[in-house]
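Here's the structure, in structure tokens; my notes come after.
Because the structure is predicted, anything quoted here is derived from the model rather than measured.
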Amino acid sequence: MNSKRNNSTQVTVNNGKGGQADRTIYCKEEDLLKKQQELKELEYSLSQKKTSIAQKEQALKAAKDVIAKKEAEMNDKRVHLEEMELQAKNGFPKLFEEKFAGLRKQLEQREAKCMDELESLEGEKEKLRQREVAVQKAEVQRDNGYADARAKLDDELFNLRKEQEKELESLEGEKEKLRQREVAVQKAELQRDNGYADARAKLDDELFNLRKEQKKELESKRAYTLTAIEKELSQERASRIAALEKEVADRFKAHEVAIQQEKDELEQKRKTLLKDQAELDELKDELEYQKQRLQSRKETLEEREVTLNLEVDTKIVERKQSFENEKSVLNDEIARLRDSLKTSCALISNFEELRHKLDDEDPAAVLLKLKTYEEEIKKLRDDLATRPTQEMQETFDRLKSEQRELQQTYERLAEENQVLRSSARAQSDLEMQVSELTDKNKSLLRRFESMDAENNRLMEELKRLQSSYEREQDREARIRDIEEPYVQKVLPRSTKLIKEVEQYRPLTAAKENGKQLTSEQSELLVKLEKDITKGELEWLDHIRESCIDYGLRFPRRILHAFHTALKTSEWSPVTVLAGVSGTGKSELPRLYSHFGGVNFLSLSVQPNWDSQESMLGFFNSIDNKFDSQPVLNLLTQTQKRKSEEYPLGLKDAMNLVLMDEMNLAHVELYFAEFLSKLEQRRGCKGNEVPNLEVKLGAGIQHYDLPLGRNVLWAGTMNQDETTKSLSDKVLDRGTVINFPRPTTLERRSKLKPLGEREALLSRKLWESWWCRESKFTDDQILPFKSFIEEMNISLSMVGRALGHRVWQSIEYYMANYPDVQEAQRNNDDVNLAKAMKIAFEDQLVQKVMPKLRGIETRGKSKTECLEKIRAQLVSGDYSIVADFDWACSDINYGQFIWSSANYLKDDVPVEELKTQYSESLDTVVSMQVEPSTNVNTSNQIPDELINHARNQSKDLCQLTIAEIKKVIGCSGKEAKSLKELCNNTKES
């Protein structure tokens, strides 16, 4: 009984273990099913990704098609533009023919009419000749017996013929005068209308034919008159003579009327031709401008098209390659997972077959049964050993046979267990592979998300690039804001010397081109040069007198220096006015422009200016508009012609821009691009000037602003702790004019109104004042060049050497100085030398002395540089020695600082003086100044001057004219003579 109970317990236990194994296998099956479901979901997600990739490729293909469409549109636009250019090019001759068709038709009609008149006159001439022969025969027959009467009549006829010949000679003289006037008109028209040679040649031929016809007509009329007089002499001599006189008078009047009409017609034709020429020039300029704009826009679009195509193709190839790689990797993973799934399914089928063989028993339960049987066998053996009965033997045999069977079953189950364990290991391997695939799937998802983000970024970039083409309309709107005129009213133009300039320009152009001028043209050119130079000096005197009337007095030398600095803007684009505050630095450009007829704009420089946009303007993205500054509006207005469509154009006038307090900010930051472009303008011809790029915003092509020669640049500069010093770049490219510190303060009891501004000065007149080449001989200019070269050696000792540009600008300044030009045209060598020295001294102050700023006034820099330069100035008798000594004095804390302009005090203010700076100036001044009691009437140096030199520890030759005037109290002329005596003491 006990053994049966134990067996039932063991079977129960074995059954429990078998159910647990079944649950384990069921759980594993569920896990496998879940993994299969996950694999199916992975396959579905991969298929979705593949679909999305295909969609992305399709979208990229669509984008590529859109880009190709854009390219086709751009090509169509380019073809359209080329067709428009070709039409414009082909339409120009047609337009020319249309313009002159009417004139050609009129000339042909007149030619036909003249030919008809010629034929009729020839017929009448032949009839008259026949009648004359008949009359002569009749007179011979009648007058055989009347020799005396005939002689008398012959004398009367001779006298009448002589009078008629005199009248005809007077007519011929008037005709010759008219012909000379026509020749002069032809020459003038030929000089003006070089572009219409063919039309002009036709007109000349017609005029020649007309003159020939007129000559023939006059000859025929003369013959007709003589024959009529001889025929009617015998019958009605008195009445015929009166009729002849009346007829001659009538014909003379008719000829005068006809000649006047022809002259009026020619004048009308000339005006028409000039008008057509102006219209054709404007049309040609407009076409050239449009062509340049189209060409620049075409080049930009082509460059952008090429770069965009390359970028899109590169991105498409890269993305396609990455998608192909990912696709191949995912396909390999799917194949491997499918193989592992097949292996798992095979293992599961083997496991199911084993269970079926065990009658759906769990292998663990079978093993448990085997162990139970072994224990029973052991017990039975023990019992058999203790009780070896037949029953026990039978039981033993039965158990032994069962043991063998169980042993076989055990071995079989052990083999199956081994197979199941290997299946379990393979299952665990599959689980690990599934986890690895899951991680890899997550990484692929992250890569996909990154690629999707990159794709979105590329799409945004594509949209942004497409929007750049749509911003062209925004560009036009911003350009309209820039080109809004600064001057909102039409300003009157000055007609001063316009006729002289119109005659002067073609003559100078012909001379520059190497053409040989006639003696008359040469004399006219010299006369025009003198008139224009005189007009320049009168213009400057008018400005100075107007400033005095207004209440401000500027030294004549300052005014001429400022004017000459503006004229030499090709070499020194910026004129800087420096000095003590309140001395008129800002007022001089303003009054110069107001009284001289120059359009003026004052620009207040701000300390925060750090770029070109600070001065010109920038695109405001908040308001979505371009905030243009007044200087940009003025610059665009100055480069547009005055026309009916744009009446506010200022291209034909001069303009001045003043940068007030220009060194409050670094000039190299906000004006650097201007300086570079203005320097590039030096080698350009005519309207071929450099352009300044004005940025209109991101993604929009910049605006090209021409820097024309009709815009002058000036600036004021204070030297205190709130300002920035000028660099060598600005000093080399500018002219620095120092204003003198006032010794006596001027009163201004009444503030007068400024009044109306002068009419705008013509740009052609201003350019006629330029001297584009140096006319100095070697003897005239080499002393000054040697002076600069010697001074440059001293400057190189302190690292402040001058370059070629400085000397070239100095010589150009001297050649453009008004007094120098006047002396050259008058061939006055004495005044030329004085004017050259004044101009050279101005340039020493304006160009050289600013280079010395900041060097030490002691040690090697003093002995090797400053003392040598001072010795040069003293030996050259320059009046800036006192200012040089002040710049070297200890008051400047041991540094060289040029801050005075005492040399300008010799410029005596005389309102009535309008002549040049010459000896006559000293004469007029000496006449207006009361004679001093210390006038030096002998050739001896006064004792006061000797004592002053001894007290100052100086030699007499080191005294300046200003010191002599101050000590002696004499006039400028006497001070100069004393200075010469002092210089002679050095030689002795």
Side-chain angles (χ1 to χ4, degrees), residues 18-61 314-358 360 362-364 414-460:
Q20 186 176 1
D22 291 338
R23 286 194 296 274
T24 303
I25 293 171
Y26 181 74
C27 292
K28 291 182 179 180
E29 289 177 354
E30 288 182 349
D31 293 334
L32 288 173
L33 291 174
K34 289 180 180 179
K35 290 177 180 178
Q36 289 178 357
Q37 187 66 26
E38 290 176 356
L39 288 174
K40 289 180 180 180
E41 291 175 357
L42 284 173
E43 289 179 356
Y44 179 73
S45 64
L46 288 174
S47 63
Q48 284 183 343
K49 289 179 181 179
K50 190 174 181 180
T51 304
S52 64
I53 290 169
Q55 292 176 356
K56 297 284 186 181
E57 290 178 351
Q58 189 174 3
L60 287 173
K61 186 176 180 182
T314 305
K315 294 295 182 182
I316 289 173
V317 171
E318 291 178 355
R319 293 202 60 194
K320 186 174 180 180
Q321 186 64 32
S322 63
F323 284 143
E324 290 293 336
N325 294 335
E326 291 180 2
K327 183 178 178 180
S328 61
V329 172
L330 290 175
N331 288 332
D332 294 340
E333 289 296 327
I334 290 169
R336 192 175 64 80
L337 289 174
R338 285 177 178 173
D339 293 338
S340 62
L341 183 61
K342 289 180 182 179
T343 305
S344 299
C345 290
L347 292 174
I348 291 171
S349 61
N350 292 332
F351 185 73
E352 291 294 333
E353 184 180 357
L354 179 62
R355 289 185 63 186
H356 181 68
K357 290 180 180 181
L358 293 176
D360 294 333
D362 189 67
E415 292 175 356
E416 293 176 354
N417 188 22
Q418 187 69 26
V419 172
L420 289 174
R421 287 182 178 179
S422 62
S423 298
R425 286 195 296 271
Q427 184 67 27
S428 64
D429 294 334
L430 287 174
E431 291 177 355
M432 291 177 66
Q433 289 177 2
V434 168
S435 63
E436 290 175 359
L437 288 174
T438 303
D439 296 334
K440 194 168 186 179
N441 187 28
K442 290 180 180 179
S443 66
L444 289 175
L445 285 174
R446 287 193 294 270
R447 287 183 62 187
F448 174 76
E449 290 173 355
S450 64
M451 293 298 294
D452 191 35
E454 180 66 15
N455 187 27
N456 292 333
R457 188 187 67 78
L458 291 175
M459 292 300 294
E460 292 294 332

Exercise. With a 4.0 Å cut-off, would you call E454 and R457 a salt bridge?
Worked result: yes
Exercise. Which value, rounded to the nearest 0.5 Å, describes the distance between M451 atom CE and N456 atom CG?
Worked result: 11.5 Å
Exercise. CD of E318 to CG of L458: how many Å apart, nearest 0.5 Å?
Worked result: 9.0 Å
Exercise. Any side-chain heavy atom of M459 sitting closer than 4.5 Å to one from N455?
Worked result: yes
Problem set entry | Nearest-0.5 Å distance that lies between atom CD in Q427 and atom CE in M432 | 13.0 Å
For this session: With the side chain counted from C-beta on, respond yes when V419 and E415 share a heavy-atom pair under 4.5 Å apart, and no when they do not.
Result: no
Exercise. CG of N325 to CZ of R447: how many Å apart, nearest 0.5 Å?
Worked result: 8.0 Å
Problem set entry | From CD (Q433) to CG (D339), nearest 0.5 Å | 10.0 Å
Problem set entry | Euclidean distance, E449 CD relative to L444 CG, rounded to 0.5 Å | 11.5 Å
